[in-house]
Amino acid sequence: MAKKKQKKRGVQQHSFQRRPAKEAPERSIPTSSPKVPEALPLKSERVSTVTRLTARMFRKPAIQEVVREPTAGGIVFRTSPDQKDIEILLIQDSKGRWTIPKGHIEPGENAKETAIREIGEEAGLFHIEVLMWLGKIHFQYRRIDKLVLMTTQIYLVRATDKHETPVKEQWMRGIKWFKFKDALEAIEYEDIEKLMLVARNKIRQGL
């Protein structure tokens with residue numbers, strides 16, 4: 001389930017600001033492009049000058065409610081076929097942006113259970129092992145008269161069946177295993193990129 005880079009402080013919590021970003025090109029591995037925070041619009045999605053001027057004439061409604069949305073997901077990895085590198089599984093959302101499997105925590109679930117469920121639903125991977133909690137990402141955005149405070153807890157997850165093939169959900173544009181370096185280039189969000197680097201260090205240290 002996709003709702004929408006969320007380096008080096010272990011499992012500490014992270015909070016990052018947006019960098020300008022270019023619209024992702026329609027190819028499997030985008031060229032190096034600026035990253036943007038989770039759930040925030042790309043620069044290319046911003047409204048036109050005319051729209052902004054119009055918006056100033058009609059003020060946005062005051063914030064009436066603060067809504068907290070807890071979410072969870074996983075950085076899923078496996079050893080490359082030549083055993084010399086690790087590969088990261090990324091999904092491509094409906095807007096062509098590469099990210100990790102993640103979604104909202106449902107009633108009765110904890111964050112770890114949500115990560116496992118979302119990886120199964122969004123990536124079709126069920127033979128997995130959750131190794132550790134990597135960190136927490138915080139961000140916020142406005143939804144009409146509501147201020148949404150979203151928190152995403154991210155886990156390091158190993159794919160344990162090398163023969164299990166990822167299967168994307170219908171709304172996705174793609175799903176793919178990337179070599180680690182290519183995954184860093186492809187990922188659209190800086191906050192997640194930073195936790196990917198934490199994950200690599202943990203893997204190299206033998207967890």
Side chain proximity check, Ile86 to Ser80, heavy atoms < 4.5 angstrom: no
Note, Leu156 side chain near Phe77 side chain (heavy atom, < 4.5 Å): yes
Is the backbone N or O of Ala115 less than 3.5 Å from a side-chain atom of Glu118, with the two atoms forming a donor-acceptor pair by type? no
For Thr71 and His104, indicate whether the former's side chain and the latter's backbone hold a donor-acceptor pair under 3.5 Å. no
Determine, using the 4.5 Å side-chain heavy-atom cutoff (strictly less than), whether Met132 and Phe180 are members of one ILVMFWY cluster. yes
To the closest 0.5 Å, what do you measure between CD (Gln140) and CZ (Arg68)? 10.0 Å
What heavy-atom pair brings Gly108 and Glu113 nearest, and what distance separates the two atoms? O-OE1, 3.8 Å
Verify side chain to side chain contact (heavy atoms under 4.5 Å, CB included) between Asp93 and Trp98, making sure each step is shown before the conclusion. CA-CA 6 Å; Asp93 67 19; Trp98 291 98; over 6 Å; no
Hydrophobic cluster membership, with links at side-chain heavy-atom distances under 4.5 Å among I/L/V/M/F/W/Y: are Val167 and Val76 in one? no
Lys112, NZ atom: more than 12 neighbouring heavy atoms under 6.0 Å: no
Does the side chain of Lys146 come within less than 4.5 Å of Val66's, by heavy atoms? no
Trp177 and its side-chain contact (heavy atoms from CB on, under 4.5 Å) partner, picked from Asp182, Ile88, Leu89, Leu90: Leu89
Taken to the nearest 0.5 Å, the spacing of His138 NE2 from Met150 CE works out to 13.0 Å
Contact between Lys136 and Thr151 at the side-chain level, heavy atoms closer than 4.5 Å - yes or no? yes
Is it the case that Thr160 and Glu129 place a side-chain donor and acceptor less than 3.5 Å from each other? no
Stepwise, does the side chain to side chain contact (heavy atoms under 4.5 Å, CB included) test hold for Ile116 with Val130? CA-CA 8 Å; Ile116 293 172; Val130 179; 3.6 Å; yes
For Gly74 and Ile119, work out which heavy atoms get closest and say how close. CA-CD1, 4.2 Å
For Phe178 against Ala186, the heavy-atom pair lying closest together: CE2-CB, 3.8 Å
Are any of the side-chain heavy atoms of Leu184 and Leu197 separated by less than 4.5 Å? yes
For residues Ala123 and Pro101, report the shortest heavy-atom separation together with the two atoms involved. CB-CG, 4.4 Å
Between atom OH of Tyr155 and atom OG1 of Thr114, what is the distance when rounded to the nearest 0.5 Å? 8.5 Å
Whether Arg78 and Glu87 form a salt bridge (side-chain N of Lys/Arg under 4.0 Å from carboxylate O of Asp/Glu) is what I want to check. yes
Answer yes or no: is there a side-chain heavy-atom contact under 4.5 Å between Val157 and Ile75? no
First locate atom NZ of Lys84, then atom OG1 of Thr79, and finally report the distance between them rounded to the nearest 0.5 Å. 14.0 Å
Do the side chains of Lys181 and Glu185 get close enough for a salt bridge, i.e. N-O under 4.0 angstrom? no
Between Glu109 and Glu106, is there a donor-acceptor pair closer than 3.5 Å when you use the side chain of the first and the backbone of the second? yes
Would a single hydrophobic cluster contain both Trp171 and Leu125, if residues Ile, Leu, Val, Met, Phe, Trp and Tyr are joined by side-chain heavy-atom contacts under 4.5 Å? yes
Closest heavy-atom pair, Gly96 versus Glu188, reported as atoms and distance to 0.1 Å, is O-OE2, 4.4 Å
Interatomic distance, Ile91 atom CD1 to Lys102 atom NZ [nearest 0.5 angstrom]: 6.0 Å
Rounded to the nearest 0.5 Å, what separates atom CD in Glu65 from atom CG in Asp145? 7.5 Å
Under a single-linkage definition using a 4.5 Å side-chain heavy-atom cutoff for Ile, Leu, Val, Met, Phe, Trp and Tyr, are Phe139 and Met196 assigned to the same hydrophobic cluster? yes
Main-chain N/O of Ile187 paired to Glu193 side chain as donor or acceptor, under 3.5 Å: no
